[in-house]
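Here is the structure we will look at.
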Amino acid sequence: MTQIATVERILDAGHAEISVPRKSACGHDCEECAGCGVTGAAVHARARNPIGASPGQKVVVESSTQKMLRIVALVYLIPVALFFLGYFLAMAVTDSTAIQYTAAAAGFVLGILGAMGYDRRLRARGGLSFTIIRLF
């Protein structure tokens, strides 16, 4: 996966801190919407800098698509899957709607906690690995 980023500062001879604009489903046509309030949000990350980019330059960065898809699956799919799993397992055991909803909510919360734990582990290991491949 390639994205456009800005080099914020040089960390050492082979690495730089980059700022990657956060992507979302909206088109960020804020004059039309102004609903989310997320203007200019960016993610700061460490990137390998084999081309020697300087602070302030716009660059094209590449990250592991496989790792990104794993994160997306963990954050979005697993909590929903655990929600339905909790609901249907409780439905097989009892007719109580309150227990079914509680089991579904517990499954969703477990999925969110799992995603938070994975995020912490990923950050401890250095997060997503970006590589600057060329100037923009």
Partners of [X] by side chain to side chain contact (heavy atoms under 4.5 Å, CB included), sequence neighbours excluded?
X    : result
S54  : Q57
P55  : I10
F108 : P79, F83, I112
Y76  : V72

Same apolar cluster: [X] and [Y], side chain cutoff 4.5 Å:
X    : Y   : value
Y101 : V93 : no
L113 : L77 : no
L85  : M91 : no
Y118 : V80 : no
V75  : I78 : yes

Kindly give the heavy-atom pair with the smallest separation between [X] and [Y], and that separation in Å.
X    : Y    : answer
E8   : S19  : OE2-CB, 3.1 Å
L82  : G107 : CB-O, 3.2 Å
A115 : L74  : CA-CD2, 3.9 Å
P21  : I4   : CD-O, 3.3 Å

| query | How would you list, by chain and number, every residue that makes a side-chain hydrogen bond (donor to acceptor under 3.5 Å, both in side chains) with R134, sequence neighbours excluded? | reply | none
| said: Once side-chain hydrogen bond (donor to acceptor under 3.5 Å, both in side chains) is applied, do any residues pair with T102, and if so which ones, sequence neighbours excluded? | reply: none
| salt bridge (charged side-chain N to carboxylate O under 4.0 Å, His left out) involving R48 - partner list, sequence neighbours excluded | none
| query | Who are the salt bridge (charged side-chain N to carboxylate O under 4.0 Å, His left out) partners of D12, not counting sequence neighbours? | reply | R46
| task | Could you work out the complete set of other residues in the hydrophobic cluster of I99, with links drawn between I, L, V, M, F, W and Y side chains under 4.5 Å apart? | result | none
| message | Tell me which one of I18, T2, N49, T131 satisfies side-chain contact (heavy atoms from CB on, under 4.5 Å) with V61. | response | I18
| request: Start with the C-alpha gap between K58 and T6, add the side-chain angles, then the distance that decides, and say whether side-chain contact (heavy atoms from CB on, under 4.5 Å) holds. | output: CA-CA 5 Å; K58 294 273 189 199; T6 304; 3.1 Å; yes
| task | Could you tell me whether a side-chain N or O of E17 sits under 3.5 Å from a main-chain N or O of L11, the two making a donor and an acceptor? | result | no
| In Å, rounded to the nearest 0.5 Å, how long is the span from OG1 of T94 to CG of L89? | 12.5 Å
